[in-house]
Amino acid sequence: MDIRSAQRLAWENKIEKGFNTSDVSLEFGLLTAEVGEAFTAWRKQLPDFGEELADAFLYLTALAEMNGVDLESEVERKIAKNRERVYARDARGVMHRVEGAGS
């Protein structure tokens, strides 16, 4: 499944079930909670880690939909941008971008 299809299907499910489709602040809060649940599942090596990551992704797609963002296009654009960046480690071993486009 591509990102665009997942975004559309997740949005349709939210509408059908009567979930939040307009409160962006709430959706960010729910996304944050899902990321926390994914972290806990990873840290405790729980079997539902993948499902928790999927939940976080679905909240992210809802935020994109609420704001008119084609997440698939943005991901493709960002991957291409990141590909052009060059990084180097400083004296402490921390990676820093030395070439390439901004954020």
Side-chain angles (χ1 to χ4, degrees):
M1 175 181 300
D2 58 59
I3 295 171
R4 191 169 291 119
S5 295
Q7 183 172 336
R8 180 180 45 79
L9 291 170
W11 189 251
E12 289 171 1
N13 185 64
K14 286 178 83 63
I15 291 169
E16 289 170 11
K17 301 289 193 304
F19 293 142
N20 176 46
T21 58
S22 60
D23 187 338
V24 172
S25 296
L26 173 61
E27 207 69 10
F28 268 109
L30 295 170
L31 170 62
T32 301
E34 290 299 338
V35 170
E37 289 178 16
F39 174 69
T40 298
W42 171 79
R43 186 173 53 87
K44 294 183 175 183
Q45 299 182 339
L46 299 176
D48 62 343
F49 173 56
E51 182 176 345
E52 295 300 345
L53 287 176
D55 284 343
F57 172 79
L58 294 174
Y59 277 98
L60 190 63
T61 65
L63 279 166
E65 190 68 24
M66 285 179 182
N67 290 282
V69 173
D70 178 347
L71 195 56
E72 182 169 305
S73 294
E74 291 300 323
V75 168
E76 289 170 347
R77 184 187 65 76
K78 187 65 175 181
I79 287 171
K81 190 176 192 179
N82 287 346
R83 191 176 296 125
E84 298 302 316
R85 291 180 173 165
V86 177
Y87 294 84
R89 293 192 187 279
D90 67 14
R92 297 171 295 149
V94 177
M95 295 289 283
H96 294 277
R97 187 173 62 239
V98 294
E99 288 182 34
S103 66

Quick check on the hydrophobic clustering: are [X] and [Y] connected, directly or via other members, by side-chain heavy-atom contacts under 4.5 Å?
X: L63; Y: L71; answer: yes
X: W42; Y: V35; answer: no
X: L60; Y: I15; answer: yes
X: F57; Y: V24; answer: yes

Could you tell me the separation between the [atom1] atom of [X] and the [atom2] atom of [Y], rounded to the nearest 0.5 Å?
X: N82; Y: R77; atom1: CG; atom2: CZ; answer: 9.5 Å
X: L58; Y: F19; atom1: CG; atom2: CZ; answer: 11.0 Å
X: T32; Y: E27; atom1: OG1; atom2: CD; answer: 10.5 Å
X: E16; Y: W11; atom1: CD; atom2: CH2; answer: 12.5 Å

For the residue pair [X] and [Y], what are the closest heavy atoms and their distance?
X: L31; Y: A56; answer: CD1-O, 3.2 Å
X: M66; Y: N20; answer: CE-ND2, 3.3 Å
X: F49; Y: A38; answer: CD1-O, 3.4 Å
X: L9; Y: M1; answer: CD1-CE, 3.7 Å
X: A88; Y: V98; answer: CB-CG1, 4.0 Å

Any salt bridge between D90 and R92, counting N to O under 4.0 Å?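 Salt bridge present between D90 and R92.
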
Listed once per pair and sorted, the side chain to side chain donor-acceptor pair (under 3.5 Å) pairs that draw on residues 55-65, sequence neighbours left out: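 For residues 55-65, and leaving out neighbouring residues, the side chain to side chain donor-acceptor pair (under 3.5 Å) pairs sorted by first residue read Q7-E65.
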
pair S73-R4: side-chain heavy atoms closer than 4.5 Å: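 When only atoms from C-beta onward are counted, R4 and S73 do touch, with a gap below 4.5 Å.
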
Quick check: does any side chain N or O of D48 sit under 3.5 Å from a backbone N or O of E51, one acting as donor and the other as acceptor?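 Not a single qualifying donor-acceptor pair exists.
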
Neighbour count above 12 (heavy atom, 6.0 Å) for F28 CZ: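 No, because the 6.0 Å sphere around CZ of F28 holds 12 heavy atoms or fewer from other groups.
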
Mind running side-chain contact (heavy atoms from CB on, under 4.5 Å) on L46 and E52 for me, showing each step along the way? CA-CA 10 Å; L46 299 176; E52 295 300 345; over 6 Å; no

